[in-house]
> 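This structure is in structure tokens; I'll ask about it shortly.
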Amino acid sequence: MAQMYDTSEIRKGLKIMMDGNPYTVVEFQFVKPGKGTAFTRTKMKNLLTGSVLERNLRSGERLEAADVEVKNMQYLYDEGEFCVFMDNTNYEQVQITNDLVGDDKGFMPMNISVDVLFFQGRAVGVTLPNFIEQEIVETEPGARGDTATNVTKAAKLASGATVKVPLFINQGDVVRVDTRTGEYLDRVGRA
């Protein structure tokens with residue numbers, strides 16, 4: 001029998017079956033209205049098509065776990081509409097469409113190790129490490145003395161994503177970013 005989850009176990013990244021298709025939870029919010037029963041508002045991404053489904057789940061509702069296999073693989077290169085990954089144990093390569101990789105592609109430098117998700121033998125998505133360190137390749141010049149304010153500016157990472165960073169960050173600095181939220185954490189050093 002397949003593993004089941006209760007709605008109280010819903011968290012970001014959970015893989016579940018919904019209407020016969022595998023989904024991963026991308027957002028959720030527990031809602032307890034003044035009247036009526038509590039529910040969980042979810043936003044889920046279809047692992048096969050990349051489409052997003054919004055659904056409210058009643059408290060206590062049971063959800064079937066998606067039978068997803070995870071392999072650690074290396075991101076090799078971008079091939080147009082596909083990203084190519086290689087299994088380091090047998091050198092087998094797989095392609096995943098950009099739609100299925102989604103916004104995570106902007107946080108993937110070449111040769112990064114990621115977890116590739118397989119559903120029924122087909123590569124359907126990736127899970128990045130929680131934190132990455134990347135060089136800032138494009139941003140406005142830094143401003144000295146602005147270390148205590150919460151003012152931020154846009155900065156482009158070497159892999160292509162744009163993140164908000166404090167004003168003292170300069171082009172060429174290496175920063176640590178939380179890939180789950182896309183938020184700047186701290187400066188690591190200079191490249």
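These numbers come from the heavy atoms of this one structure, side chains and all, not from hydrogens, waters or symmetry mates.
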> Tell me, yes or no, whether the heavy-atom count around R58 atom CZ, taken from other residues, nucleotides or ligands under 6.0 Å, exceeds 12.
no

> Are more than 12 heavy atoms, taken from residues, nucleotides or ligands other than N130, located less than 6.0 Å from that residue's CG atom?
yes

> Transitively linked via ILVMFWY side-chain contacts under 4.5 Å: Y23 with V52?
no

> For V84 versus E79, what's the shortest heavy-atom pair and its separation?
CG2-CB, 4.1 Å

> Are any of the side-chain nitrogens in D67 or K15 under 4.0 Å away from the carboxylate oxygens of its partner?
no

> What closest approach, in Å, do P33 and A38 show between heavy atoms, and which atom pair accounts for it?
CD-CA, 4.0 Å

> Give, for atom OG1 of T24 and atom NZ of K43, the distance between the pair rounded to the nearest 0.5 Å.
13.5 Å

> For M86 and Y91: C-alpha separation, side-chain torsions, deciding distance, then whether side chain to side chain contact (heavy atoms under 4.5 Å, CB included) applies.
CA-CA 6 Å; M86 180 178 72; Y91 307 109; 4.0 Å; yes

> Is any side-chain heavy atom of S59 less than 4.5 Å from a side-chain heavy atom of F39?
no

> Would a single hydrophobic cluster contain both V163 and L185, if residues Ile, Leu, Val, Met, Phe, Trp and Tyr are joined by side-chain heavy-atom contacts under 4.5 Å?
no

> Walk me through whether K153 and E140 qualify under salt bridge (Lys or Arg N to Asp or Glu O under 4.0 Å).
CA-CA 8 Å; K153 62 182 179 181; E140 296 173 17; over 6 Å; no

> Would you say the side-chain atoms of S51 pair up with the backbone N or O of N46, donor to acceptor, closer than 3.5 Å?
no

> Validate the cation-pi geometry between K71 and F118: distance from NZ or CZ to the six-membered ring centre under 6.0 Å, angle to the ring axis within 45°.
yes

> Any non-hydrogen side-chain atom of V25 less than 4.5 Å from a side-chain atom of R11?
no

> Is there side-chain contact between L47 and L100, with heavy atoms separated by less than 4.5 Å?
no

> Looking only at heavy atoms, which two atoms of F85 and V126 are closest? And how far apart?
CZ-CG1, 3.5 Å

> In the structure I gave you, are the side-chain heavy atoms of M18 and L63 within less than 4.5 Å of one another anywhere?
yes

> Please examine the side chains of N72 and V114, heavy atoms only from C-beta on, and report whether any two atoms are closer than 4.5 Å.
no

> To the nearest 0.5 Å, tell me how far K156 NZ sits from Q171 CD.
11.0 Å

> Do the side chains of V101 and L48 join up, straight or via other hydrophobic residues, at under 4.5 Å, putting them in one cluster?
no

> Do the side chains of M17 and Y5 join up, straight or via other hydrophobic residues, at under 4.5 Å, putting them in one cluster?
no

> Does some side-chain heavy atom of T152 sit less than 4.5 Å from a side-chain heavy atom of V165?
no

> Using the rule that two of Ile, Leu, Val, Met, Phe, Trp, Tyr join whenever any of their side-chain heavy atoms come within less than 4.5 Å, decide whether I132 and Y77 are in one cluster.
yes

> From D178 CG over to T181 OG1, what is the distance, rounded to the nearest 0.5 angstrom?
3.5 Å

> Closest heavy-atom contact between M108 and C83?
CE-SG, 4.2 Å

> Check each of D6, T40, T7, I10 against E61 using the side-chain contact (heavy atoms from CB on, under 4.5 Å) test, and report the only one that passes.
T7

> Cation-pi check for F131 against R180: NZ or CZ below 6.0 Å from the six-membered ring centre and within 45 degrees of the axis, yes or no?
yes

> Whether the side chain of S159 engages the backbone of G106 through a donor-acceptor N/O pair (distance < 3.5 Å, no angle test) should be reported.
yes

> Do Y75 and M110 have side chains that approach each other closer than 4.5 Å (heavy atoms only, starting at C-beta)?
yes

> Between L157 and V177, does the side chain to side chain contact (heavy atoms under 4.5 Å, CB included) criterion hold? Intermediate values first, please.
CA-CA 10 Å; L157 300 175; V177 176; 4.3 Å; yes

> To the closest 0.5 Å, what do you measure between CD1 (I112) and CG (L128)?
6.0 Å

> Work out which heavy atom in V94 is nearest to a heavy atom in M73; give both atom names and the distance.
CG2-CE, 3.9 Å

> Looking at side-chain heavy atoms only, is the closest gap between V175 and I169 below 4.5 Å?
yes

> Where the side chain of Y184 meets the backbone of R187, is there a donor-acceptor pair that is under 3.5 Å apart?
yes

> Given 3.5 Å as the limit, does a donor-acceptor pair link the side chain of N98 with the main chain of G80, or not?
yes

> Does D87 form a side chain to side chain contact (heavy atoms under 4.5 Å, CB included) with Q93? I'd like the steps, not just the answer.
CA-CA 6 Å; D87 187 335; Q93 294 183 8; over 6 Å; no

> Please name the pair of heavy atoms, one in N170 and one in D173, separated by the smallest distance, quoted to 0.1 Å.
N-OD2, 2.8 Å

> At what distance, to the nearest 0.5 angstrom, does CZ of R55 lie from OG1 of T42?
8.0 Å

> Kindly compute the distance separating CZ (R41) from CG (L57), expressed to the nearest 0.5 Å.
11.5 Å

